Amino acid sequence: MLSERVAGVEWGPSVDRSWLSELNPQQREAATYPDGPVLVIAGAGSGKTKTLACRVAWLLQQGVPADRILLLTFTRRAAAEMLDRASRITGPGATGRIWGGTFHSIANRLLRQYGRSLGLAPEFTVIDQGDAADLMDLIRTELGLTESRKRFPQKGTLAALYSRSVNSRTKVSEVARRHFPWTEDSLEGITQVFRVYTERKRRSLLLDYDDLLLFWRALAIAPGVGDEVADRFDHILVDEYQDTNSIQAEILQGMRRTRPQMMVVGDDAQSIYSFRAATVRNILDFPQQFPGAAVVKLEQNYRSTQPILDASNAVMARATERYEKNLFTLRGGVSKPVLTTCLDEGEQCSAVCDRILSKREEGIALRDQAILFRTGHHSDQLEVELSRRNIPFLKFGGLKFVEAAHVKDMLALVRLLDNPRDELSWHRVLQLLEGIGPASARRIVAQISGSAPATEESEGEADTVEVVDPLHRFLSQPPAVPAAAQEDIASLRAALTDCLEGDPPVASQIERIRRFYEPIFRRLYENPSVRLRDLDSLEQIASGCPSRAQFLSDLALDPPASTQDLAGPPLLDEDYLILSTIHSSKGSEWDAVHLIHVSDGNIPSDLATGSEAEIEEERRLLYVAMTRARDALYLYFPLRYYNRPRGRGDRHSYAQLTRFIPPEDWHYYEREGSHQSTPVDAAGTGDPKTDAAAAVDALLGDLWS
DNA sequence: CATTTATAAATTTTT
DNA sequence: TTTATAAATG
C-alpha cells in the first residue's frame, strides 16, 4: 500500500511527497496542518520560509486551486521568493495564479474590484506617506497655521502622528502625548489639519496606505459583499505576523468569519515595527481572537553556528518580556563572533573593508556577505571607501528613488492623466511652471476643480457636482496666469493633450511628458546629469506596465528597494556586496555579517530611548541583525565620533559600546582592535595624548549622559 | 501681493 | 541634500 497517513491526510500513490521528508517533525506538522487556524512560532533561522513554501506546495497538491490561496507577506520580494520555492516543488507555472503580496497591495487589488460597493470609485490613486505629508503641508498653509507664533509640527511629523493614530486606533491626543510630546501644544491645529486632510483625500480620490487597510477592513466586514470577498479564498497564509497591526488582525478576522483555514507565522523576538503600530499582541492574543487555534513551535535553528546563537540568545535573555522559546542548533562551530573596537569611523571603514576582502580570499563571495546598520546614513562614509577600493555593492533601505523630487514631478504629471481630481498633483505640477507659486496654484486649482463660482447648476445630475473633470476644463478653458507663466502653461497643455488623444501606450505617454518636463528640469536642478538617469529608469519601468494605473500603483506600493548605486559598472552577474538597514534585512541571511556602529546612541538610537518599550524594540533590532549570520559575525564599534559632519574640525565626542552587550556578556565574543580591555580606558593607539583625552572625556561624559 | 532668491538649520526604522 | 524662514524683487 503506497498511500499513507501523514498528519491526518490521505496521500495518493501518484503524488511525489519526497520533499516532505526534508522537513523536521514540527515543520512538517505546520506544512501539512489540515485547516487552521494555526499559529506558527518560528524562531530566527528555523526554516520559516521553507515551511511556508512547502505548505503552499502541499495545498496545491491537495487540489486547492491556486487562485484561492492568499499569501500575505511583508514585502513583494518575500512573496515572490516564497512562490518561487514552492514552484520548485510543484513544477513551474503552478503558483502563478496565487494571490501573493503585502496587505497593502492585496487591498489595492481587491478594492479596484469590489470598491464600488463601498462607494469607492475604482480609479482611485494610491499615495505614499511622503505624498500624505505633502498634502498635510498644503492644508497646513491653507489654514494659516504656519503663521502662528508657536512652531507648528513639521509635515513628516504630522503624517507619522496621523498614521500611528489610525493604525493603532488610538486617539490623536493619546498618541501625541506618548510618542510626539513636543506636538501637544498644537493639538487643536493638528486635528483641524487631519479633518481637512480626510475630506480632501475623498474629494481628490486619493487613498493613503492607511486607507487601503481601512477600506479592506470595511470591505471584509460589510454584510453582503464581505461574504463574497471572504469566500474567494480557501486558505490564507500570513508571514511576519509579529509585525502586523490591529487593523490587519481585524481584516483577517473578517476574511475568516466563516472559514477556519488560516495560518500565521511569526516570532515575537523579531518584532521591530511598532513605530508603524505593529503589536506583538496579535501573536499573543491569536488563540483568543481565533478560537480553536493550534500553536506549532519551530525551535531548531538551521542557520547559525552555536557561538553566534549563544551571543544572540544572550542579548535576548536580558529582555524584560518575551515569549519562552528554546532555540537550539545542531551546527557546531568554534569561532566566536568578533567584536572590533575602532578608534573612529575612518578606522571602522578600513577594518570592515579589509575583513571583507580577506573573507573573499577565503572563498566567501561578496554576495554572501552583508553590512548591516541601524539607519540609512550610517553607511555614508563606508560607501565612499568601498567605491574607492572598487568593491561593488547594492544598498537596501535608506532613500529611495521615488522620493527624489524630479521623480515625484514626473509621477505627478502622470497621475493627472489617470486621476484628474488629484489636487495634490495639480499643485505640484502647476508650481513647476515659471512664475507660479503656491498662491497662483491654489487659485487655478479652485477654478478648474469646480469649487469656484464657475460651476453652473448641473441640471439633471443632482448628485454629481463635478460634471466636467478638471483636466478637460484645464484644457478647454485656459486659466488666467501671470505673464511669465504663459509659455510654460501652453506647453503643459500641449503635452497633456497629446497624452490623452488616441490613448497611446504608457511608455510613449511617459516619453511625451518627459519632453515637456526636461527643460523645466534643467532650469530647476544644478547637476541634471545624475538625475537624468532616474528619468531613464522611469521610462524603463513604464515600458513593462500594461496600463497607466498599474504603473502608478506599482510604484506607490512597491517602490524599487535598492539604490542603483553600484560602485562599479552595474553588471547583473557581477559579484557585489549587500548593504542594508537592519529593518530591510529582515528575512535574509548571509555567510558573513558585518554589523557597524554598535554603540549606544546608534543601537539603541538616541531618538528611541524615550520609553522602556522603545528600548526593548532596539534590543530586538540588534537580535535580528545578529541572527542574520550563518558562519561569521563581526561587530564594529567606533570610539570617537566627530561632531562636525565631514568637517575637518577636531571636535568630537566619545561613544560607549551598546548597552545590550554588557561586560558580563563579553566572553561570548573575540575582542580585538585599538582597545583591548574596555572601550573607554585602554591604551594602544600609539598616541598617549589621544588616549588620555579619550579616557577623560569618557569619564566626563558618564557624568551627564 | 506673489514669487524668487538667500540664508540658516536639521536629518530613524517602512508599507 | 533637503527644508523652513527672511529679505529682496517684480
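Only a predicted model underlies this, so the values are computations on that prediction, with no experimental measurement involved. The sequence lines fix the lettering, A, B, ..., with proteins before strands; numbering per chain opens at 1. FYI, side chains are in, hydrogens and waters are out, and symmetry mates aren't considered; it's all heavy atoms of this structure.
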Exercise. Taking atom types as modelled, is there a side-chain donor on A:Thr244 or A:Asn282 under 3.5 Å from an acceptor on the other?
Worked result: yes

For this session: Ignoring hydrogens and angles, tell me if any N or O in the side chain of A:Arg628 forms a donor-acceptor pair with the backbone of A:Ser588 under 3.5 Å.
Result: yes

Problem set entry | Length of the line joining A:Asp137:CG and C:dA4:P, which is rounded to integer Å | 6 Å

For this session: For A:Glu240, report the nucleic acid contact type (base, sugar-phosphate, nothing); a contact means any heavy atom under 4.0 Å.
Result: nothing

Exercise. Over how many whole Å does the gap from A:Ile444 atom CD1 to B:dT3 atom C1' extend?
Worked result: 13 Å

Exercise. Can you tell me how far C1' of B:dT13 sits from CD of A:Glu403, to the nearest Å?
Worked result: 12 Å

Exercise. So what does A:Ile436 hit on the nucleic acid, given a heavy-atom distance under 4.0 Å: a base, only sugar-phosphate, or nothing?
Worked result: sugar-phosphate

Seminar exercise, completed: Comparing nearest nucleotides in DNA chain B, the 5'-proximal residue of the pair A:Glu618, A:Glu434 is A:Glu434

Problem set entry | Rounded distance in Å - CZ (A:Arg443) to P (B:dC1) | 15 Å

Problem set entry | Watson-Crick or G-U wobble partner of C:dA7, both distances under 3.5 Å | B:dT4

Exercise. Any side-chain N or O of A:Thr375 less than 4.0 Å from the OP1 or OP2 oxygen of B:dT11?
Worked result: no

Problem set entry | Nearest-neighbour nucleotide for the A:Ser584 side chain, C:dA4, B:dT14, B:dA2 considered | B:dT14

Problem set entry | Between B:dT13 (C1') and A:Gln270 (CD): distance, integer Å | 16 Å

For this session: Establish, yes or no, whether the cationic atom of A:Arg112 lies under 6.0 Å from the six-membered ring centre of A:Phe124 and within 45° of the ring axis.
Result: yes

For this session: Using the closest heavy atom to pick a nucleotide of DNA chain B for each, name whichever of A:Gln431 or A:Phe74 lands nearer the 5' end.
Result: A:Gln431

Problem set entry | Proximal nucleotide (of B:dA2, C:dT3, B:dT15) relative to the A:Ala439 side chain | B:dA2

For this session: Could you tell me the separation between the NE2 atom of A:His406 and the P atom of C:dT1, rounded to a whole number of Å?
Result: 12 Å

Exercise. Between B:dT12, B:dT14, B:dT15, which one does the side chain of A:Thr581 approach most closely?
Worked result: B:dT14

For this session: Starting from P on B:dT14, measure out to CG on A:Leu555 and report it in whole angstrom.
Result: 18 Å

Problem set entry | Which nucleotide in B:dT15, B:dT12, B:dT4 has an atom nearest any side-chain atom of A:Arg374 | B:dT12

Problem set entry | Distance flag, aromatic centroids of A:Phe373 and A:His597, threshold under 6.0 Å | no

Exercise. Can A:Glu240 and A:Lys48 be said to form a salt bridge (Lys or Arg N to Asp or Glu O under 4.0 Å), step by step?
Worked result: CA-CA 10 Å; A:Glu240 308 284 8; A:Lys48 180 191 66 160; 3.1 Å; yes

Problem set entry | Minimum-distance nucleotide (side-chain atoms of A:Thr75 versus B:dA2, B:dT12, B:dT15) | B:dT15

For this session: Return the nearest nucleotide to the side chain of A:Lys155; candidates are B:dT4, C:dA4, B:dT14.
Result: C:dA4

Exercise. Taking atom C1' of B:dT11 as reference, at what distance in whole Å does atom NE2 of A:His377 sit?
Worked result: 7 Å

Exercise. With a 4.0 Å cut-off on heavy atoms, is A:Gln154 in touch with a base, just the backbone sugar-phosphate, or nothing at all?
Worked result: nothing

Exercise. Hey, mind stepping through A:Thr73 and A:Asp239 against side-chain hydrogen bond (donor to acceptor under 3.5 Å, both in side chains) and telling me if it holds?
Worked result: CA-CA 5 Å; A:Thr73 55; A:Asp239 193 14; over 6 Å; no

